[in-house]
Undergrad: 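Sharing a structure below in structure tokens format, with a few things to ask.
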Amino acid sequence: MQFFSKTKPLSYCIKTYISRNMSGEYLINNPKYSFLKDLGLTATNFGVYNGKWGGSGKTVKSLDPSTGKVIAEVKYGTVDDYISCVNESEKVWEQWARLPAPKRGEIVRQIGNALRDKLVPLGKLVSLEMGKILPEGIGEVQEYVDICDYAVGLSRMLPGSIYPSERSNHILLEKWNPLGTVGVISAFNFPCAVYGWNSAIAMVCGDNVLWKPSETTPLISIAITNILIEILEKNNFPGSITTLCCGGADVGKAMAADDKIKLLSFTGSCAVGQQVGVEVQKRFGKHLLELGGNNALVVAEDADLNMVVQATLFACVGTAGQRCTSTRRLILHKSVYDEVLQRLTKAYAQVLNRIGDPLNENTLIGPLHSEQSLKKYVDTVEEIKKQGGKIEFGGKVLGKEGYFVEPTIVTGLKHDHPLVHNECFAPIVYVLKADSVEQAITWNNEVPQGLSSSIFTQNVGHIFEWVGPKGSDCGIINVNISTSGAEIGGAFGGEKHTGGGRESGSDSWKQYMRRSTITINHSKEMPLAQGIKFE
């Protein structure tokens with residue numbers, strides 16, 4: 001891999017990079033990428049499925065972020081196409097909702113098996129279109145498989161409740177019923193798993209699903225929708241139980257404003273998520289928001305530093321720093337600050353030569369996802385320098401093709417500096433020196449977001465302080481593991497500006513259903529509660 005000349009400013013590098021020639025044969029026609037056609041993709045694909053494939057919007061080229069070359073084209077949908085999707089979904093919802101939950105679970109089981117059968121080609125597609133390395137791409141598809149398995153079990157365990165009634169010969173019940181059509185707006189960084197978390201649970205709960213994927217990762221949504229349609233139709237159900245509308249912001253706005261979308265799950269930035277939440281609330285709809293996370297990893301004075309360096313390296317540079325749970329702030333106790341910084345810088349240097357093609361088995365760090373991401377990285381690095389921050393490692397754009405950058409370590413900025421409180425969504429980590437664990441907890445909590453957090457310590461007192469009422473205020477609170485890499489069995493989500501939504505495991509299923517409290521009088525009398533007499 002060639003480096004840009006160190007004598008050139010970053011602004012020059014990015015202009016040179018962005019202006020490169022991106023023309024050439026589509027990758028889908030290259031035998032190296034034969035897995036694309038194995039997934040039913042073609043050079044030009046329809047991006048709308050409402051029971052049949054179509055799309056009346058613009059044609060969009062899906063790019064490989066490691067080369068800037070076109071993978072394939074997608075015919076996007078319009079708001080009218082979206083309306084056709086939600087209308088078709090509504091028509092077939094009752095058929096799905098009336099199916100017993102264990103039988104819905106059987107369909108989801110078959111979906112999970114179909115995903116297993118295409119685990120590697122789907123994982124390659126995720127890596128190619130998003131830019132994450134192949135083990136992560138395959139792991140993301142595996143996450144969808146795992147949540148299907150989880151949902152199958154859930155389909156036979158969806159609970160109801162019976163409560164004691166204060167009135168004789170009365171039964172007090174609680175029952176959960178499906179909502180209807182659930183809308184899912186997913187993000188580029190997890191173009192497969194986030195939809196899987198939502199759709200597998202929603203389907204066993206009796207909901208239909210309408211998917212609007214990220215504008216820059218349409219191909220994975222088309223490949224997955226092909227699998228869903230095949231399984232549904234094989235079981236004599238309409239494919240429009242799971243509809244798809246690739247499109248722009250206008251489609252997302254239509255979903256947020258539409259009463260037919262009974263729950264809207266949105267994954268994206270805090271700024272856009274706030275707009276989505278307000279728009280849904282205007283119609284008293286339900287929303288599930290998974291937004292930004294300015295995640296901190298705290299290192300106490302007694303931490304195992306070998307574990308710290310290993311965990312921090314992955315949490316900071318894995319997925320090129322583009323996970324919602326990537327570590328953005330590394331808060332080190334003053335007694336271990338110098339040693340951790342030195343060891344982490346050395347670890348960064350050792351992986352620098354393993355930045356490259358995400359489909360290459362030797363690669364550990366792929367590209368940023370887009371030109372927009374690259375520009376944001378460059379602008380942030382330049383601003384760090386202007387504000388007096390020190391680049392301990394990295395800070396440069398790499399190569400003449402592909403959105404590759406060096407993972408970057410920054411010191412010299414205060415814990416409450418605006419740059420430190422801003423999530424760049426790139427492999428930039430701010431290293432901070434704290435006097436105590438108590439101070440580190442305060443710094444952890446002072447940012448607007450509240451997604452993931454972690455502490456490394458062997459002190460039981462520190463652990464219980466960290467997980468207690470005065471500890472981390474995040475939705476994910478880890479001890480002696482990194483901020484990233486959540487399992488599907490627990491609820492995934494965060495507090496504050498992260499949105500408060502919960503997906504995946506635990507009792508997240510409740511968001512996809514409506515709760516009814518039911519009182520049945522099986523007597524011949526009409527007593528009132530609280531002993532009220534009305535005679």
Side-chain angles (χ1 to χ4, degrees), residues 89 92-117 119 139-163 173-184 186 190 192-211 224-225 227-228 231-232 234-235 237 241-242 261-265 267 286-290 475-476 485-494 500-518:
S89 178
V92 301
W93 172 67
E94 186 174 341
Q95 181 183 357
W96 184 248
R98 288 190 177 277
L99 190 69
K103 292 187 176 181
R104 297 194 295 260
E106 167 58 19
I107 306 298
V108 172
R109 184 190 69 81
Q110 294 177 36
I111 291 170
N113 284 342
L115 293 168
R116 277 189 183 90
D117 291 342
L119 183 68
E140 181 172 344
V141 181
Q142 183 63 50
E143 202 163 348
Y144 193 170
V145 172
D146 291 345
I147 201 67
C148 284
D149 289 346
Y150 180 94
V152 173
L154 178 65
S155 72
R156 292 185 176 271
M157 299 171 62
L158 287 168
S161 300
I162 301 176
Y163 299 111
L173 309 172
E174 185 175 86
K175 189 176 187 303
W176 295 84
N177 285 303
L179 289 175
T181 297
V182 170
V184 178
S186 58
F190 278 85
C192 168
V194 169
Y195 176 74
W197 293 347
N198 283 276
S199 65
I201 302 297
M203 289 181 74
V204 298
C205 288
D207 301 321
N208 291 359
V209 187
L210 195 162
W211 187 7
I224 288 174
T225 299
I227 293 172
L228 299 175
I231 297 301
L232 286 165
K234 186 174 75 173
N235 286 274
F237 287 98
I241 288 170
T242 55
I261 299 295
K262 304 305 180 184
L263 167 69
L264 182 58
S265 173
T267 302
K286 296 181 66 174
H287 57 66
L288 192 168
L289 301 178
E290 294 284 3
I476 298 171
E487 300 180 22
I488 61 103
F492 181 91
R502 292 297 187 276
E503 294 171 330
S504 195
S506 185
D507 65 349
S508 299
W509 61 269
K510 291 180 178 179
Q511 294 175 102
Y512 303 90
M513 305 192 83
R514 59 178 176 84
R515 184 197 325 233
S516 300
T517 301
I518 304 160

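Because only heavy atoms are used, hydrogens play no part in the values below, and waters and symmetry mates are left out as well, while side chains stay in. All figures in this text were calculated on a predicted structure; none of them were measured in a lab.
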Undergrad: Restricting to side chain to side chain donor-acceptor pair (under 3.5 Å), what partner residues turn up for Ser186, sequence neighbours left out?
TA: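 Trp211.
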
Undergrad: Side chain to side chain contact (heavy atoms under 4.5 Å, CB included), that's the test. Do Ser155 and Arg104 meet it? Break it down for me.
TA: CA-CA 7 Å; Ser155 72; Arg104 297 194 295 260; 5.8 Å; no

Undergrad: Would you say the side-chain atoms of Asn208 pair up with the backbone N or O of Ser89, donor to acceptor, closer than 3.5 Å?
TA: yes

Undergrad: Output all residues satisfying side-chain contact (heavy atoms from CB on, under 4.5 Å) with Pro159, sequence neighbours left out; order by chain, then residue number.
TA: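 By the side-chain contact (heavy atoms from CB on, under 4.5 Å) rule, Pro159 matches Trp509.
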
Undergrad: Can you tell if the side chain of Asn198 reaches within under 4.5 Å of the side chain of Leu288, non-hydrogen atoms only?
TA: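 Asn198 vs Leu288: side chains touch.
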
Undergrad: Just by distance, with hydrogens left out, do Thr517 and Tyr163 show a side-chain donor and acceptor under 3.5 Å apart?
TA: no

Undergrad: Please confirm whether the backbone N or O of Gly153 pairs with a side-chain atom of Arg109, one donor and one acceptor, at under 3.5 Å?
TA: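 Answer holds: no.
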
Undergrad: Please step through side chain to side chain contact (heavy atoms under 4.5 Å, CB included) for the pair Cys148 and Leu115, ending with a clear verdict.
TA: CA-CA 10 Å; Cys148 284; Leu115 293 168; 4.3 Å; yes

Undergrad: Is Val204 close to Met157 at the side-chain level, that is, under 4.5 Å between some pair of heavy atoms?
TA: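 Counting from C-beta outward, Met157 and Val204 never come under 4.5 Å.
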
Undergrad: Salt bridge or not between Glu106 and Lys103? Use side-chain N to carboxylate O under 4.0 Å.
TA: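 No, no charged N to carboxylate O under 4.0 Å.
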
Undergrad: Indicate yes or no: at least one non-hydrogen side-chain atom of Asn177 is less than 4.5 angstrom from one of Ser516.
TA: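 Contact flag for Asn177/Ser516 side chains = yes.
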
Undergrad: A side-chain contact here means heavy atoms from C-beta on lying under 4.5 Å apart; do Tyr144 and Ser199 qualify?
TA: yes

Undergrad: Quick check on Glu174: does its CD atom have over 12 non-hydrogen neighbours (other residues, nucleotides or ligands) under 6.0 Å away?
TA: yes

Undergrad: Is there a donor-acceptor pair closer than 3.5 Å between any side-chain N or O of Trp96 and the backbone N or O of Gly180?
TA: no

Undergrad: Compare all side-chain heavy atoms of Ile107 with those of Phe237 and state whether any distance is below 4.5 angstrom.
TA: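 Yes; the side chains approach each other to less than 4.5 Å.
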
Undergrad: Show, in sequence, the C-alpha distance, side-chain angles and deciding distance for Lys286 and Leu179, and conclude whether the side chain to side chain contact (heavy atoms under 4.5 Å, CB included) test is met.
TA: CA-CA 10 Å; Lys286 296 181 66 174; Leu179 289 175; 4.1 Å; yes

Undergrad: Mind checking whether Lys234 and Gln110 have side chains closer than 4.5 Å, heavy atoms only?
TA: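 Yes, side chains in contact.
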
Undergrad: Given side chains that start at C-beta, do those of Cys192 and Glu140 come closer than 4.5 Å, heavy atoms only?
TA: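 Yes. Closest side-chain heavy atoms under 4.5 Å.
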
Undergrad: Could you tell me the separation between the CH2 atom of Trp176 and the CZ atom of Arg514, rounded to the nearest 0.5 Å?
TA: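 Reported value, rounded in 0.5 Å steps: 11.0 Å.
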
Undergrad: Using side-chain heavy atoms (C-beta onward) and a distance below 4.5 Å, is Met203 in contact with Thr242?
TA: yes

Undergrad: Check whether any side-chain N or O of Ser504 sits under 3.5 Å from a backbone N or O of Trp197 as a donor-acceptor pair, and report yes or no.
TA: no

Undergrad: Rounded to the nearest 0.5 Å, how far does CG of Leu99 lie from CG of Asn235?
TA: 9.5 Å

